[in-house]
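Read the structure below first, then the notes.
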Amino acid sequence: MKSADRSPGEILVISRDEVEALLTPGACVDRVLDTFRWVGSGVVEQTNPVNLYVHDRLGPEPEFGHGVVQAFPAMIRPLQRAAVKWLGSYRQNPRRGLPAISALDLVTDIETGMPLALVDGTSVTNMRTGGHAAAGAKYLARSDSEVVAIIGCGNEGRTHLRTLNVLFPIREVVAFDIHQSAASGFADEMSAELGVSIEVTDSVESAVAGADIVCVVTTAPMPVLMEDWVEPGTHVCAATGFRDVDKRCATRFDKWAVGWYGRDLEWIEGPEVGKLGGLQPGDLSKADIYADISTELMPGLRPGRERDEERTIMTHMGMPALDAAVAALVYDLAIEADAGTWIRVF
Ligand SMILES: NC(=O)c1ccc[n+]([C@@H]2O[C@H](COP(=O)([O-])OP(=O)(O)OC[C@H]3O[C@@H](n4cnc5c(N)ncnc54)[C@H](O)[C@@H]3O)[C@@H](O)[C@H]2O)c1
């Protein structure tokens with residue numbers, strides 16, 4: 001059915017398999033870059049997530065983890081769309097056969113206020129997170145980067161490699177995971193998909209030796225990448241801020257960039273610091289940051305990489321605008337492909 005033929009109470013449900021089939025890494029990277037630009041030029045409204053804690057998150061961990069449900073709302077004026085990601089997280093859920101994280105994105109038309117789509121938000125999150133890593137690497141990594149180290153071979157390890165592969169001539173990948181089977185499964189799957197050679201190593205230190213780009217995408221509660229292991233010329237993509245990356249990378253590297261000050265400072269000197277491990281109050285501050293993507297690197301107010309031998313790092317803790325803008329793209333792609341399932345809700 002064409003979107004114009006639907007009645008106002010019909011929404012398109014787009015499943016994980018459909019998101020993964022529709023959303024190419026290239027289209028995702030383009031949409032993420034547009035979103036950083038829109039955020040920087042003030043045409044996006046978004047709030048920090050609304051967090052509903054099921055348990056006292058600073059108390060002892062319950063059997064299935066500290067439960068939290070969160071809402072991530074954003075309105076993207078150039079797209080005429082608003083969306084909210086509704087996310088549930090219980091770190092120990094796999095012990096009862098459930099995923100640790102699950103999310104849904106509800107997409108709305110802002111001209112009429114009508115709901116348009118319900119999209120699997122987990123696959124959108126996975127891909128947009130790889131997208132913002134690639135956006136940071138576009139400004140900070142050497143453009144001839146061809147060796148990538150993936151530390152943590154889960155969902156983000158996969159999407160980071162897919163999105164970096166759009167921008168860089170990747171020839172070789174070195175993979176490490178605390179679970180060797182995760183690393184070998186990743187190597188088999190991703191080498192077949194991307195046609196690159198993937199070597200599994202037995203330590204983080206050996207994985208990052210000689211890498212042009214290092215992605216640290218683990219669920220480790222402590223730093224697994226140490227500053228002095230990172231060679232000149234390397235760029236680090238850090239998806240958890242400094243939870244699994246040595247915080248000295250922020251001060252000893254040539255450049256530390258974030259995605260957007262408006263969101264990332266929450267995790268550096270705002271109320272989130274010290275709540276989920278990683279940085280503690282006073283560890284780092286805005287003064288340690290070289291630039292953000294949205295308001296400084298993209299508009300050209302500060303240069304990205306200037307010398308081959310610079311060591312650089314980009315951290316970004318995600319923002320509702322990225323989920324909203326990518327979910328809106330998935331909706332448009334599904335309409336174009338006549339994919340998804342229409343459901344009448346009123
Ligand atoms: N910044 C953002 O916007 C954003 C968005 C999504 C996810 N994340 C973060 O990215 C991380 C990865 O997410 P994911 O969905 O890929 O998780 P995942 O569970 O799919 O994969 C994580 C992998 O890390 C591995 N791992 C755990 N401890 C390790 C260690 N000490 N050394 C090496 N590997 C280790 C696990 O074995 C697993 O294979 C999570 O910490 C998540 O919170 C950040």
Side-chain angles (χ1 to χ4, degrees), residues 1-35 38 44 46 49-50 69-89 93 98-135 154-156 158-160 162-163 166 189 193 318-346:
M1 178 169 54
K2 293 268 180 288
S3 64
D5 301 334
R6 73 189 186 101
S7 70
E10 278 175 298
I11 61 169
L12 189 60
V13 176
I14 307 171
S15 70
R16 182 166 308 173
D17 285 350
E18 287 163 332
V19 174
E20 289 174 354
L22 291 163
L23 183 62
T24 64
C28 180
V29 170
D30 287 347
R31 176 53 60 93
V32 166
L33 287 166
D34 284 343
T35 308
W38 291 326
V44 166
Q46 59 181 330
V50 176
V69 283
Q70 300 174 288
F72 294 68
M75 175 166 65
I76 319 287
R77 292 192 185 279
L79 298 177
Q80 290 285 292
R81 300 281 186 254
V84 59
K85 172 163 83 172
W86 185 236
L87 177 131
S89 166
N93 248 355
L98 297 173
I101 286 183
S102 58
L104 289 172
D105 296 329
L106 178 59
V107 183
T108 292
D109 176 358
I110 62 170
E111 200 188 325
T112 61
M114 288 296 111
L116 298 174
L118 197 55
V119 184
D120 171 57
T122 306
S123 45
V124 169
T125 303
N126 291 341
M127 196 66 136
R128 67 84 165 142
T129 306
H132 59 70
N155 299 312
E156 291 302 337
R158 286 167 169 75
T159 55
H160 276 57
R162 291 183 179 120
T163 52
V166 172
E189 181 189 326
E193 179 181 322
M319 57 183 167
L322 291 170
D323 295 296
V326 174
L329 171 62
V330 169
Y331 171 73
D332 290 339
L333 293 169
I335 293 292
E336 223 171 85
D338 204 12
T341 306
W342 289 98
I343 296 201
R344 183 188 293 269
V345 288
F346 60 87

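Positions are given from 1, in the same order as the sequence printed here.
For the pair Gln70 and Val50, the minimum side-chain heavy-atom distance is 4.5 Å or more. Taking 4.5 Å as the limit, every side-chain heavy atom of Leu329 sits out of range of all side-chain heavy atoms of Arg128.
For Asp120, the side-chain contact (heavy atoms from CB on, under 4.5 Å) partners are Arg16, Val19, Thr122, Ser123, not counting sequence neighbours. Applying the side-chain contact (heavy atoms from CB on, under 4.5 Å) rule to Val84 yields the partners Ala71, Pro73, Leu106; only residues at least two apart in sequence or on another chain are considered. Evaluation of the side-chain contact (heavy atoms from CB on, under 4.5 Å) rule for Thr24 yields Ala27 as partners, not counting sequence neighbours. Every residue two or more places apart in sequence or in another chain was checked for a salt bridge (Lys or Arg N to Asp or Glu O under 4.0 Å) with Arg31, and none qualifies. Legend: residues meeting side-chain contact (heavy atoms from CB on, under 4.5 Å) with Ala133, ordered by chain and number and at least two apart, are His160, Cys237.
Contact record, Glu18 with Gly340: OE2-N, 3.3 Å, taken as the closest heavy-atom pair. Smallest separation of non-hydrogen atoms from Ala117 and Tyr331: CB-CD1, 3.4 Å. Ala337 and Leu22 get closest at one heavy-atom pair: CB-CD2, 3.7 Å. Of all non-hydrogen atoms in Val44 and Ala321, the two that sit nearest each other are CG1-CB, 3.8 Å. Closest approach of Ala134 and Val29 over heavy atoms only: CB-CG2, 4.1 Å. Among all heavy-atom pairs drawn from Thr125 and Gly121, the shortest one is OG1-O, 2.7 Å.
Between the CD1 atom in Ile14 and the CG atom in Leu12 there is a gap of 4.5 Å [rounded to 0.5 Å]. The CZ atom of Arg81 sits 5.5 Å away from atom CG of Asp332, with the distance rounded to the nearest 0.5 Å. Rounded to the nearest 0.5 angstrom, Asp34 CG and Leu79 CG are separated by 8.0 Å. Going from atom CD1 of Ile110 over to atom OG1 of Thr112 covers 9.5 Å, rounded to the nearest 0.5 Å. Leu118 CG to Ser15 OG: the interatomic distance, rounded to the nearest 0.5 Å, is 11.0 Å. For the atom pair CD (Glu156) and OG1 (Thr163), the distance works out to 9.0 Å, reported to the nearest 0.5 Å.
Formation of a donor-acceptor pair under 3.5 Å by the Glu10 side chain with backbone atoms of Trp342 is not found in this model. Distance alone, capped at 3.5 Å, places no donor-acceptor pair between the Thr35 side chain and the Leu322 backbone.
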Does the pair Arg158 and Glu189 meet the rule for a salt bridge (Lys or Arg N to Asp or Glu O under 4.0 Å), with working shown? CA-CA 9 Å; Arg158 286 167 169 75; Glu189 181 189 326; 3.0 Å; yes
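Residue pairs meeting the ring-ring contact (aromatic ring centres under 6.0 Å, His included) criterion with at least one partner in residues 104-135, sequence neighbours excluded, are His132-His316.
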